[in-house]
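Labels below follow one simple rule: chain letters A, B, ... track the order of the sequence lines, proteins then strands, and each chain is numbered from 1. Note: hydrogens, waters and symmetry copies are ignored here, and every other heavy atom, side chains too, is used.
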2 protein chains.
Amino acid sequence: MAYTVKAVSDLAGVSIRTLHHYDAIGLVRPRERTEAGYRLYGRSDLERLQQVLFFKELGFGLEEIREILDRPDFDRRRALLDHHELLTHRKDRIERLIRAVERTLEGMEEGKTVEERVWFDGFDATQYEEEARQRWGHTAAYKESRERAAAYSQADWEAIGSEQTSILRDIASLADRDPADPEVLAAVGRMHRFINERFYTCSLEMFRGLGDLAVSDSRFTETYEKLRPGLPAFYKEAVAAYCARSRA
Amino acid sequence: MAYTVKAVSDLAGVSIRTLHHYDAIGLVRPRERTEAGYRLYGRSDLERLQQVLFFKELGFGLEEIREILDRPDFDRRRALLDHHELLTHRKDRIERLIRAVERTLEGMEEGKTVEERVWFDGFDATQYEEEARQRWGHTAAYKESRERAAAYSQADWEAIGSEQTSILRDIASLADRDPADPEVLAAVGRMHRFINERFYTCSLEMFRGLGDLAVSDSRFTETYEKLRPGLPAFYKEAVAAYCARSRA
DNA sequence: CCTTGACCCTCACGTAGCGTCAGGGTGTAG
DNA sequence: CTACACCCTGACGCTACGTGAGGGTCAAGG
């Protein structure tokens with residue numbers, strides 16, 4: 001079954017001009033053209049368009065999307081699972097905006113002063129966009145680690161793997177303590193240094209974001225849960241405590 | 001309490017460049033400048049910025065936002081209530097996207113073919129943007145009715161009011177019937193013609209959207225409920241039936 | 001066959017809303 | 001004084017299309 005541009009436009013909710021543009025930049029090309037030059041899209045074209053639209057919805061630029069989709073190891077199913085998770089977080093953001101409205105109204109009704117900070121909760125979308133980019137390797141940090149990785153030998157990788165496992169094991173063994181316990185902080189600090197030395201320059205801000213990923217990214221969550229039940233949440237708290245102490 | 005650009009940027013989650021831009025176009029201006037030229041924002045500036053960000057979140061352009069905020073009768077509280085409702089609908093959209101992912105995955109897992117239409121549910125944002133514009137009078141139709149209204153006299157307005165009330169009353173009196181009942185359709189048709197004659201060129205598509213507003217916009221819902229409990233939903237169904245019949 | 005209307009094409013100008021950078025001033029703590 | 005964080009204005013550039021011009025294609029109906 002083939003679709004012309006109007007059919008695809010109606011189906012997908014994008015303009016014909018957008019489809020022309022995506023064809024022109026090689027992002028979503030129709031499988032064929034009629035003799036008259038009409039574009040005819042097939043099912044796999046629609047699959048790709050769907051992916052484009054999800055990535056776009058999550059804040060990626062078109063060139064970024066193209067790079068991701070063209071990876072030889074791109075896996076559609078894996079991507080959909082990711083989209084699902086990230087969209088859930090986007091929904092959280094809207095809920096935060098809704099609550100900001102409610103809090104603002106409360107402040108107006110009851111004559112009490114609500115902090116201005118409350119008014120703006122949810123507007124800053126960078127956290128969510130950063131999360132999406134972390135997942136797909138579109139951060140400056142990822143690029144830096146790629147460059148370093150290019151220089152690693154097999155032995156290097158084995159050493160890195162052992163070191164990382166060792167640190168995580170240590171943290172897991174301390175998971176019954178307070179996240180702010182000095183030994184916990186020391187172990188988390190080793191992780192921070194490990195990343196800085198082996199992968200990329202990792203600011204406290206970024207490290208804190210990685211801590212959050214332990215809870216919000218199912219790949220990390222699963223891995224950490226296998227090490228020890230409850231570890232994701234503990235790790236996040238421990239990283240947060242470490243970052244707060246290091247900043248002071 | 002005064003805030004400089006960095007403070008506002010951190011508070012509201014917008015860039016300093018954005019604040020410069022908003023000042024330059026007169027959208028959000030700081031209440032004063034220091035002798036060195038630093039911008040100092042006050043509470044009411046932040047209130048306005050909050051409104052700008054909500055409208056922007058809902059898809060309005062900056063010029064549109066300015067026009068709305070500068071109306072003498074702009075009411076902050078009324079606006080917040082609207083934002084609340086519209087954001088709830090935006091959340092619905094994200095939920096639709098999430099379900100589209102789920103349905104796509106189901107189709108892949110079970111080897112059954114899911115219609116391509118399902119893949120794209122939620123991507124078309126025009127419905128939501130149109131809804132927001134309807135509320136704030138930023139549609140071509142609204143502009144047309146404004147022009148016509150300029151030519152109406154007091155007597156015209158009275159006649160229009162009576163006519164509209166009469167039509168709505170008729171529809172309400174038929175609300176116990178099937179929405180596709182011929183008499184219902186005739187009454188709804190009178191409303192359609194009324195709008196075309198008195199306000200603006202109203203396509204079936206647009207009229208259908210107005211029917212939806214009876215349910216989704218609390219102002220219409222309240223008014224219609226007062227006429228008769230359950231009328232909003234009935235009206236929506238009746239308009240939908242009328243539009244379907246008229247298209248055939 | 002002609003007409004009409006919906007759909008298709010390419011080309012190309014223009015834009016909204018900033019991001020980024022250059023170059024230089026201001027305020028505060030050590 | 002130095003260093004650092006913050007501030008200013010000016011201005012180039014960019015992404016992702018929207019819009020319009022001008023013209024071809026397809027299919028149904030007269």
Side-chain angles (χ1 to χ4, degrees), chain A residues 2-41 49 52-67 123-126 129-130 133 138-140 203 205 247, chain B residues 2-41 49 52-67 123-126 129-130 133 138-140 203 205 247:
Chain A
Y3 300 86
T4 55
V5 285
K6 184 165 195 301
V8 177
S9 169
D10 290 341
L11 187 64
V14 295
S15 69
I16 290 169
R17 178 74 185 91
T18 300
L19 294 169
H20 286 178
H21 182 62
Y22 290 176
D23 184 10
I25 65 173
L27 184 59
V28 181
R29 317 208 82 144
R31 82 179 171 205
E32 63 181 310
R33 296 276 191 128
T34 66
E35 282 192 14
Y38 287 23
R39 293 169 174 82
L40 294 179
Y41 294 85
L49 178 60
V52 167
L53 296 179
F54 274 126
F55 278 107
K56 185 174 150 192
E57 185 68 35
L58 292 166
F60 289 86
L62 300 185
E63 269 307 306
E64 285 178 300
I65 294 170
R66 184 234 289 285
E67 191 275 318
F123 281 119
D124 185 1
T126 55
E129 285 174 10
E130 201 57 31
R133 286 198 163 79
H138 269 259
T139 60
S203 67
E205 219 89 43
R247 197 181 289 128
Chain B
Y3 301 86
T4 56
V5 285
K6 184 165 195 300
V8 177
S9 169
D10 291 341
L11 186 65
V14 295
S15 69
I16 289 170
R17 178 75 184 86
T18 299
L19 293 171
H20 286 178
H21 183 61
Y22 291 173
D23 184 8
I25 64 174
L27 184 58
V28 180
R29 317 205 82 143
R31 80 177 174 204
E32 63 181 310
R33 296 275 191 128
T34 66
E35 282 193 13
Y38 286 22
R39 295 171 173 78
L40 295 179
Y41 295 85
L49 178 61
V52 168
L53 295 179
F54 275 125
F55 278 106
K56 185 175 154 193
E57 186 69 33
L58 293 166
F60 289 85
L62 300 185
E63 270 307 306
E64 286 179 300
I65 294 170
R66 184 236 288 283
E67 191 275 318
F123 280 120
D124 184 3
T126 55
E129 287 175 4
E130 202 57 30
R133 286 196 161 80
H138 269 259
T139 60
S203 67
E205 220 88 42
R247 197 179 289 124

Legend entry - Any residue of residues 6-13 of chain A with a heavy atom less than 4.0 Å from an atom of DNA chain C: A:Lys6
Inset, instruction - Identify, with sequence neighbours excluded, every residue that meets ring-ring contact (aromatic ring centres under 6.0 Å, His included) alongside B:Tyr41. - result: none
Legend entry - Those residues that, when tested against A:Tyr38, pass ring-ring contact (aromatic ring centres under 6.0 Å, His included) (two or more places apart): none
Legend entry - Atom-pair distance (CD1 on B:Ile65; P on C:dA16), nearest Å: 14 Å
Inset, instruction - Nearest whole angstrom, please: distance from the P of C:dA12 to the NE2 of A:His20. - result: 16 Å
Inset, instruction - Taking side-chain hydrogen bond (donor to acceptor under 3.5 Å, both in side chains) as the test, write out the residues that go with A:Glu64, two or more places apart. - result: A:Arg133, A:His138
Between the protein and nucleotides 20-22 of chain C, which nitrogen or oxygen pairs are less than 3.5 angstrom apart?
residue: C:dT20; atom: O4; partner: B:Arg17; partner atom: NE; Å: 2.9

Legend entry - Neighbours of DNA chain D within residues 21-38 of chain B, by heavy-atom distance under 4.0 Å: B:Arg33, B:Gly37, B:Tyr38
Legend entry - Partner residues of A:Tyr22 under the ring-ring contact (aromatic ring centres under 6.0 Å, His included) criterion, sequence neighbours left out: none
Legend entry - Side-chain touch A:Val28/A:Leu19, heavy atoms, less than 4.5 angstrom: no
Inset, instruction - Using chain A heavy atoms and a threshold of under 4.0 Å, write down where along DNA chain D the contacts begin and end, 5' to 3'. - result: D:dA16 to D:dC26
Inset, instruction - Check salt bridge (Lys or Arg N to Asp or Glu O under 4.0 Å) between B:Asp23 and all other residues, then give those that pass, not counting sequence neighbours. - result: B:Arg29, B:Arg33, B:Arg39
Inset, instruction - Return the minimal non-hydrogen interatomic distance between A:Val52 and A:Ile65, and the atom names on each side. - result: O-CD1, 3.7 Å
Could you list the donor-acceptor pairs under 3.5 angstrom formed by side chains in residues 8-17 of chain A, with sequence neighbours left out?
residue: A:Ser9; atom: OG; partner: A:Val14; partner atom: O; Å: 2.6
residue: A:Asp10; atom: OD2; partner: A:Lys6; partner atom: NZ; Å: 3.0
residue: A:Ser15; atom: OG; partner: A:Thr18; partner atom: N; Å: 3.0
residue: A:Ser15; atom: OG; partner: A:Thr18; partner atom: OG1; Å: 2.7

Legend entry - side-chain hydrogen bond (donor to acceptor under 3.5 Å, both in side chains) partners of B:Thr126, counting only residues at least two apart: B:Asp124
Legend entry - Short side-chain N/O contact to C:dG17 OP1/OP2 from B:Thr18, under 4.0 Å: no
Legend entry - salt bridge (Lys or Arg N to Asp or Glu O under 4.0 Å) partners of A:Glu63, counting only residues at least two apart: A:Arg66
